[in-house]
Number of protein chains: 2
Amino acid sequence: MNFLEKKICEEGIVLAPTVLKVDSFINHQIDPLFMQQIGCEIAKRYKAERITKILTIESSGIAPAVFAGLELDVPVVFARKKKSLTLTDGLITSKVYSFTKQEENEISIANKFLSAGERVLIIDDFLAHGEAALGLAELVNKAGALISGFGIVIEKSFQDGRQKLVDKGYRVESIARISEMNANGITFLKSEVTSL
Amino acid sequence: MNFLEKKICEEGIVLAPTVLKVDSFINHQIDPLFMQQIGCEIAKRYKAERITKILTIESSGIAPAVFAGLELDVPVVFARKKKSLTLTDGLITSKVYSFTKQEENEISIANKFLSAGERVLIIDDFLAHGEAALGLAELVNKAGALISGFGIVIEKSFQDGRQKLVDKGYRVESIARISEMNANGITFLKSEVTSL
């Protein structure tokens, strides 16, 4: 098992066959050193891609994205789920349905922070049905920038998000790929992480 | 001027005498290396305080908090503004009115991530009227933990947030303290940042 799979087994809580709680180290409490390791692993996989910008979405994508951004030495932009009063003009938007929260959000970024021709790495904490990932991809496409790929912390490989992205020709790198989970345990697909 | 004041003067946009837009490097696009410098500066000021946990609030507090957390080698917990479907039991909550967004939010953390006796550093990107800061302080108090102080990126010193915190006996450290701002420029209060 790689470092993330090990942590998921130790601290993750399977609430249902599709619901994994990792709030002790990823999406509520954050272990900074561990998150840096995740960011570095994502950065390593895209080192050759001459990334110019990282795009993520608030809130749980921010921590892995800033550590990957530090490693690749590129700015991070986080899409917002709600409109800000001080960010009104020049927005690029897309709609994202959240299965977890059972609601549709309009996500947005200021167009001045994503230019045509940029090479974008999209980072998020989870990939499940791919709704957030596709929404972020739409933002990049609307800006005329290039999607170099996705860097995902935990992929629920038993759901169809990865396939949707692969079908569109996108590269997807996930640090942990869960093929099955239930009260008895969590099974992972083979991973290529080198830092164990 | 310190490194942050300089960046504010170069990239900040004064939209009104009370509204400063710093979305190019703090709360929409993030400059990771610069944010690490901010996190390290906050950490340095609290190095002697034997901090055991950093508390912040989504979304813009997360980046400075994780870098400070990395430096101090402590976990970061970010309070949520909305309830999560997978975070339902054992919540500590408080109410926060946002002048910027003109709405009241209930913010919350899972009580298992903040224990009685912990020494907590509260980090946020802005301090203005102090509503978010007081809401976060209430969470810490309800948990029976100790507030070691606040680490703020940008303080609007012409508003009363700092005074409210100081009146309650809290230590407040802000990397940039703005005494006045308008179309002609931004004036800062004296700052003690050593890394220029």
Side-chain angles (χ1 to χ4, degrees), chain A residues 13 15-16 19-25 27-36 39 53-88 91 98-103 108-110 112-114, chain B residues 13 15-16 19-25 27-36 39 53-88 91 98-103 108-110 112-114:
Chain A
I13 299 166
L15 291 180
V19 183
L20 174 68
K21 204 167 164 175
V22 287
D23 61 349
S24 71
F25 62 103
N27 47 22
H28 185 28
Q29 179 170 259
I30 298 166
D31 175 336
L33 194 62
F34 186 81
M35 195 58 93
Q36 185 183 38
K53 195 150 287 177
I54 290 172
L55 177 64
T56 187
I57 185 163
E58 61 181 355
S59 293
S60 302
I62 294 174
V66 294
F67 284 119
L70 186 70
E71 189 69 14
L72 292 173
D73 194 20
V74 298
V76 172
V77 176
F78 63 90
R80 291 191 172 274
K81 291 175 182 166
K82 250 189 164 177
K83 281 176 189 161
S84 159
L85 293 188
T86 60
L87 295 171
T88 47
L91 291 183
S98 166
F99 283 86
T100 316
K101 299 193 175 173
Q102 297 170 13
E103 63 183 23
S108 62
I109 57 168
K112 64 179 171 178
F113 296 130
L114 198 49
Chain B
I13 299 165
L15 291 180
V19 182
L20 175 68
K21 203 166 165 173
V22 287
D23 61 349
S24 71
F25 62 103
N27 47 23
H28 185 27
Q29 181 170 257
I30 298 166
D31 176 336
L33 194 63
F34 185 81
M35 195 58 92
Q36 186 182 39
K53 195 149 287 176
I54 290 173
L55 177 64
T56 187
I57 185 164
E58 61 182 353
S59 292
S60 302
I62 295 175
V66 293
F67 284 120
L70 187 69
E71 189 69 14
L72 292 173
D73 194 20
V74 298
V76 172
V77 176
F78 62 90
R80 292 192 172 273
K81 291 176 182 166
K82 249 189 166 178
K83 282 176 187 161
S84 159
L85 292 189
T86 60
L87 295 172
T88 47
L91 291 182
S98 166
F99 283 88
T100 315
K101 299 193 174 172
Q102 297 168 14
E103 63 182 24
S108 63
I109 56 167
K112 64 179 171 179
F113 296 131
L114 199 48

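So that the names make sense, note that chain A is the first sequence line, chain B the second, and so on, each numbered from 1. All values below come from the heavy atoms of this structure, side chains included, with hydrogens, waters and symmetry mates left out.
Note: B:Arg80 CZ to A:Ser60 OG = 4.5 Å, rounded to the nearest 0.5 Å. One distance of note links NZ of B:Lys53 with CD of A:Gln29; it measures 4.0 Å at 0.5 Å rounding.
When all heavy atoms of A:Phe78 and B:Asn27 are compared, the closest pair comes out as CZ-O, 3.2 Å. Nearest heavy atoms, B:Ile109 versus A:His28: CA-NE2, 3.5 Å. B:Pro32 approaches A:Val76 most closely through the heavy-atom pair CG-CG2, 4.0 Å.
For A:Glu71, the side-chain contact (heavy atoms from CB on, under 4.5 Å) partners at least two apart in sequence or on another chain are A:Cys40, A:Ala43. The side-chain hydrogen bond (donor to acceptor under 3.5 Å, both in side chains) check on B:Ser59 picks up A:Glu58, A:Ser59, with sequence neighbours excluded.
Counting heavy atoms from C-beta outward, A:Gln36 and B:Leu70 have side chains that approach closer than 4.5 Å. Side chains of A:Pro75 and B:Phe25 form no contact here, defined as non-hydrogen atoms less than 4.5 Å apart.
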Check the pair A:Phe67, B:Phe67 against ring-ring contact (aromatic ring centres under 6.0 Å, His included), reporting the backbone distance first and the verdict last. CA-CA 9 Å; A:Phe67 284 119; B:Phe67 284 120; 5.2 Å; yes
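For B:Ile54, no part lies under 4.5 angstrom from a heavy atom of chain A.
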